[in-house]
2 protein chains.
Amino acid sequence: MTAKLYCFGESGNAYKAALTLELSGMGWEPVFVDFFKGEARSDAFKAINPMGEVPVLVDGDVTLTQSGVIQQYVVDQTGKLGGAPADKYEVLRWVLWDNHKMSSQAGVTRFLMNFLPEEKRPQEAIKFLQGRLAAAYAVLNAHLDGREWIAGDSMTVADISNAGYLFYEEPFGFNRADWPHIDAWLTRISKTPGWKHPYDLMQRALPA
Amino acid sequence: MTAKLYCFGESGNAYKAALTLELSGMGWEPVFVDFFKGEARSDAFKAINPMGEVPVLVDGDVTLTQSGVIQQYVVDQTGKLGGAPADKYEVLRWVLWDNHKMSSQAGVTRFLMNFLPEEKRPQEAIKFLQGRLAAAYAVLNAHLDGREWIAGDSMTVADISNAGYLFYEEPFGFNRADWPHIDAWLTRISKTPGWKHPYDLMQRALPA
């Protein structure tokens, strides 16, 4: 049975799971969640994930949420994208860092700046988040100076996790030109055979 | 050789690592980092952790950062607090969720409301973060309804991770009385043999 990923195109967290599935070679298909019409907060969806969030992976009788958990499941199932055993803690470190400092803030900032009506955008909070994000970009950019991949010698789920929001074109204060090592690394990821942009992997919930 | 944890009392992230070490029975000792005097951003400390953050665990020739990584290392070393093998993804799910939705926001909100000079506190950002935190408390409170522990039948690193900031008395918008299932679970954790409050495990960087 093909694994089903509940997702929508605008979600960078869903993209982390979708791209991991796609590049691992594991069979999967997207199930569209109409997020901006409230489907993720519906009773039907909350029965699948009480956290009210995408992504959710359903593979037979296994149901998993949180992009990092789905990534680990795909690594366990396929043996791909987990890195060398010696790099286990380093991969986990950067997946956690992404969840703590990068995607958590990039995701909400992009949401506030693009998907809320203009008059509802909390400008001081946006400015605050952008300041914290600049510190996160600086940490990642410095780490990628002299490295091809975040952990070890190959692309891993740590790369996919940290890149989750950085391929989107909607403005949220991230400009690739400001961060040359991040820029080169994103190019490297996007040249990996099988790579796809989030909007080519998953249906968008809003018009382009 | 005894493992050394670079930490200070006010850091809930350091507390997650310290309490995991303490309850696992693994030998450890705290190394105080004078955070509010800028020591975590010093060159000497950044040579240990370029992320400029505590906690850092040094165990022989192993150096690890990110509380969730240190927790996983302690589980691997001691066989304690990892939960049953069948609950592996559920434990990881809640550690990631904590990093994404709970501690990341509780930590910064508590910092802004207590450790910044009053005139520098960004009130709109604090209000915004408190709104998001209320949604996180609601998710955790609902999950703990009818459960003793977050994942499986015993206390795991997922409980310690999510509780990391919730034992502190400084105000940040979290009131135990508002969330009865969280309140009962925190009491359960604090009654575990060997449990200690963060300020009894690690030296404070600021006067009480």
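Proteins get letters first, then strands, A, B, ... in listed order; numbering begins at 1 in each.
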**Asked** Within residues 88-101 of chain B, which positions have a heavy-atom distance to chain A below 4.5 Å?
**Response**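 Near chain A, by residue number: B:Lys88, B:Tyr89, B:Leu92, B:Arg93, B:Trp94, B:Val95, B:Leu96, B:Trp97, B:Asn99, B:His100, B:Lys101.
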Residue-level contacts of residues 123-138 of chain B with chain A, using a heavy-atom cutoff under 4.5 Å: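 Against chain A, the residues of residues 123-138 of chain B that fall inside the cut-off (heavy atoms, under 4.5 Å) are B:Gln123, B:Glu124, B:Ala125, B:Phe128, B:Leu129, B:Arg132.
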Using a 6.0 Å cut-off, check whether atom CG of B:Asp153 has over 12 heavy atoms from anything other than its own residue.
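12 or below, so no.
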Query raised in the report: Within a reach of under 6.0 Å around CD of A:Glu118, are more than 12 heavy atoms found that belong to other residues, nucleotides or ligands?
Result: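 Not more than 12 within 6.0 Å, no.
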inquiry  = What part of A:Leu112 gets within 4.5 angstrom of chain B, counting heavy atoms only: side chain, backbone, both, or neither?
reply    =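 Answer is side chain: those atoms of A:Leu112 sit under 4.5 Å from chain B.
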Option that, when pairs with chain A are counted at under 4.5 Å, heavy atom only, ranks first among B:Val62, B:Val108, B:Ile70: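 Heavy-atom pair counts peak at B:Val108.
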Self-check item: Part of B:Leu140 lying under 4.5 Å from any heavy atom of chain A
Solution: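 For B:Leu140, there is no contact with chain A at all, as no heavy atom is under 4.5 Å.
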